[in-house]
S.K.: 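Pasting in a structure now, in C-alpha cells, and then I'll have a few things to ask.
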Amino acid sequence: MDELSSLRQQYRELLERLERNEREFRRLGRAVWRVQEDERRRLARELHDGIGQNLTVLKHRLGQLDDALPADRVDARAALATALALCGDTLQDTRELSRLLRPPILDDLGLEAALRWLVRSQAEASGARIDLDVDSLPTLDGELQTLLFRVAQEALNNAAKHSGAAHIHVQLTTRDGGLQLRVHDDGRGCEPEQALQAGGSGLSGMRERLRLYGGVLQLRGAPGEGLRLSARVPLSPP
Ligand SMILES: Nc1ncnc2c1ncn2[C@@H]1O[C@H](COP(=O)(O)OP(=O)(O)OP(=O)(O)O)[C@@H](O)[C@H]1O
Ligand SMILES: [Mg+2]
C-alpha cells in the first residue's frame with residue numbers, strides 16, 4: 001500500500017513538473033512573438049517616418065525642379081518625370097511595406113478595423129472578391145488581436161498566392177468562450193496534411209503560434225475543392 005501511494009505521489013509530481021514545463025514553454029514562446037512584433041512595430045515606424053519622409057521631401061524637391069525648368073528643356077523634363085514616377089512608386093511601396101510589417105490601425109483601432117483594411121487591400125491586390133463578417137466582439141487582449149490578425153494575413157496571402165480563388169470568405173465569430181476565425185476560398189485547394197508538411201513556414205508557424213495561446217488550427221479541403229481554414233482560440237489563454 002505504501003509503495004502504491006509513493007508511486008501515486010511520484011506520478012502526481014511528474015504531472016506537475018510537466019504542466020510547469022508546458023506553462024514555461026508557452027510563456028517563452030509568447031515572449032519570442034512579442035519581441036518579434038515589437039521589432040516589426042519599430043521597423044514599420046522607421047520605414048514610415050524615416051525613409052518615407054525623405055522620399056516625400058525628395059518628391060517635392062523634384063517637383064520644384066520640374067517647375068523651374070524652361071519649357072524647351074525637353075530631355076531634362078522627361079528625365080525628371082521618370083525620376084518623379086520612380087520616387088512616387090518607391091514611396092508607395094515603402095508605405096505598403098510599413099503597413100504590412102505592423103499596421104498602425106491594429107494598435108489604434110483594433111482587430112475588426114485592421115481586418116477590414118487587410119481584406120480591402122488584399123482584394124485590390126489579388127482581384128478576388130473577399131467578404132468579411134465579424135461578430136460583435138468583447139474587449140480583446142492586444143496579443144490575441146495580433147495573433148488573429150497574423151493568422152488572417154497568412155491565410156489571405158496563401159489564398160492569393162496558391163489558390164487562384166475568385167471568392168474568399170473571412171468570418172470572425174465568438175464561440176464557446178473563444179474566438180473562431182475562418183477563411184474559406186473557392187480556389188484550387190490542396191491536401192491539408194500535405195500542405196502542413198509542404199516545407200513552407202506559413203501554415204506550420206500559424207499552427208505553432210496558435211498552440212502557444214491554447215488555440216488550434218484546422219484545415220479542410222481537397223484538390224479542386226478550395227481550402228477551408230479555421231483557427232480557434234480561447235478568450236483567456238492558458
Ligand atoms: N489557400 C490555399 N489554396 C491552395 N493551396 C494552399 C493554400 N494555402 C496553402 N496551400 C498549399 O500549402 C502549402 C504550404 O503553405 P504555407 O503557407 O505553409 O507555405 P508557403 O505559402 O508555400 O510559404 P510561406 O508561407 O513560408 O511563404 C503551399 O505551398 C500550397 O501548396
Ligand atoms: Mg504561406
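Atoms within a ligand are numbered from 1 in the order they appear, just like the ligands themselves. Fair warning: this is a prediction, and the values are worked out from it, not measured in the lab.
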S.K.: Only distances under 3.5 Å count here; give the side-chain donor-acceptor pairs of residues 140-149 to other protein atoms, sequence neighbours excluded, each with its distance to 0.1 Å.
M.R.:
| from | atom 1 | to | atom 2 | distance (Å) |
| --- | --- | --- | --- | --- |
| Asp141 | OD2 | Glu143 | N | 3.0 |
| Asp141 | OD2 | Leu144 | N | 3.3 |
| Glu143 | OE1 | Arg34 | NH1 | 3.4 |
| Glu143 | OE1 | Tyr213 | OH | 2.6 |
| Glu143 | OE2 | Arg34 | NH1 | 2.7 |
| Gln145 | OE1 | Leu111 | N | 2.6 |
| Gln145 | NE2 | Leu140 | O | 3.0 |
| Thr146 | OG1 | Arg102 | NH1 | 3.3 |
| Thr146 | OG1 | Gly142 | O | 3.1 |

S.K.: Under 4.0 Å between a side-chain nitrogen and a carboxylate oxygen: does that hold for Arg120 and Glu124?
M.R.: no
S.K.: If we only consider heavy atoms of Lys161, is any one of them less than 4.0 Å away from an atom in ligand 1?
M.R.: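 Heavy atoms of Lys161 do come under 4.0 Å of ligand 1.
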S.K.: Specify the protein heavy atom at minimum distance from atom 8 (N) of ligand 1: its residue, its atom name, and the distance to 0.1 Å.
M.R.: Asn158 CB, 3.4 Å
S.K.: Could you verify whether a donor N or O on one side chain and an acceptor N or O on the other, from His169 and Asp185, lie under 3.5 Å apart?
M.R.: no
S.K.: Tell me: protein heavy atom nearest atom 3 (N) of ligand 1, and distance?
M.R.: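 The closest heavy atom on the protein side is Ser163 CB, 3.4 Å.
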S.K.: Just to be careful: counting only protein atoms that are N, O or S, how many fall under 2.8 Å of the Mg ion (ligand 2)?
M.R.: 2
S.K.: Anything under 3.5 Å between a donor and an acceptor, one on a side chain of residues 92-99, the other on a protein residue two or more places apart or in another chain? List them.
M.R.:
| from | atom 1 | to | atom 2 | distance (Å) |
| --- | --- | --- | --- | --- |
| Thr94 | OG1 | Thr90 | O | 2.6 |
| Ser98 | OG | Ala44 | O | 2.8 |

S.K.: Under a 4.0 Å N-O cut-off, is there an ion pair linking Glu37 with Arg150?
M.R.: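 Result for this pair is yes, salt bridge flagged.
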S.K.: Do Asp135 and Gln171 pair up side chain to side chain, a donor and an acceptor below 3.5 Å, judged on atom types alone?
M.R.: no
S.K.: Has the side chain of Ser121 got a donor or acceptor atom that lies under 3.5 Å from a matching backbone atom of Trp117?
M.R.: yes
S.K.: Indicate yes or no: does an N/O atom of Leu203 lie under 3.5 Å from an N/O atom of ligand 1?
M.R.: yes
S.K.: Go through the steps for Glu154 and Asn158 under the test side chain to side chain donor-acceptor pair (under 3.5 Å), then give the verdict.
M.R.: CA-CA 6 Å; Glu154 174 59 22; Asn158 275 351; 3.3 Å; yes
S.K.: Is the closest heavy atom of Ala159 to ligand 1 under 4.0 Å?
M.R.: yes
S.K.: Under 4.0 Å, heavy atoms only, figure out whether ligand 1 is touched by the backbone of Asp185, its side chain, both or neither.
M.R.: side chain
S.K.: For the 3.5 Å polar cut-off, considering only N or O atoms, please tell me whether Gly202 and ligand 1 meet it.
M.R.: yes
S.K.: With heavy atoms only and a cut-off of under 4.0 Å, state how Leu227 meets ligand 1: side chain, backbone, both or neither.
M.R.: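 The side chain, only.
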S.K.: Provide the full list of salt bridge (Lys or Arg N to Asp or Glu O under 4.0 Å) pairs with a residue in residues 69-90, sequence neighbours left out, each pair given once.
M.R.: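 Pairs touching residues 69-90 that pass the test: Asp66-Arg77.
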S.K.: If you round to the nearest 0.5 Å, how far is CZ of Arg207 from OG of Ser204?
M.R.: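 Reported to 0.5 Å precision, the distance equals 7.0 Å.
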S.K.: How far is atom 12 (O) of ligand 1 from the closest protein heavy atom, and which atom is that?
M.R.: Ala195 CB, 3.3 Å
S.K.: Near Gly200, which atoms of ligand 1 are under 4.0 Å from a heavy atom of that residue?
M.R.: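 Result: 18 (O), 19 (O), 23 (O), 26 (O).
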S.K.: Out of Gln194, His162, Glu154, whose heavy atom sits nearest atom 22 (O) of ligand 1?
M.R.: His162
S.K.: Enter the distance from Arg175:CZ to Arg182:CZ here, rounded to the nearest 0.5 Å.
M.R.: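 Reported to 0.5 Å precision, the distance equals 6.5 Å.
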S.K.: Which residue and non-hydrogen atom of the protein lie closest to atom 26 (O) of ligand 1, and at what distance in Å?
M.R.: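 The closest heavy atom on the protein side is Ser201 N, 2.8 Å.
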S.K.: Looking at NE2 of His48 and CD of Gln53, how far apart are the two atoms once the value is rounded to the nearest 0.5 Å?
M.R.: 7.0 Å
S.K.: Could you tell me the residue and atom name of the protein heavy atom closest to atom 4 (C) of ligand 1, and the distance to it rounded to 0.1 Å?
M.R.: Gly189 O, 3.6 Å
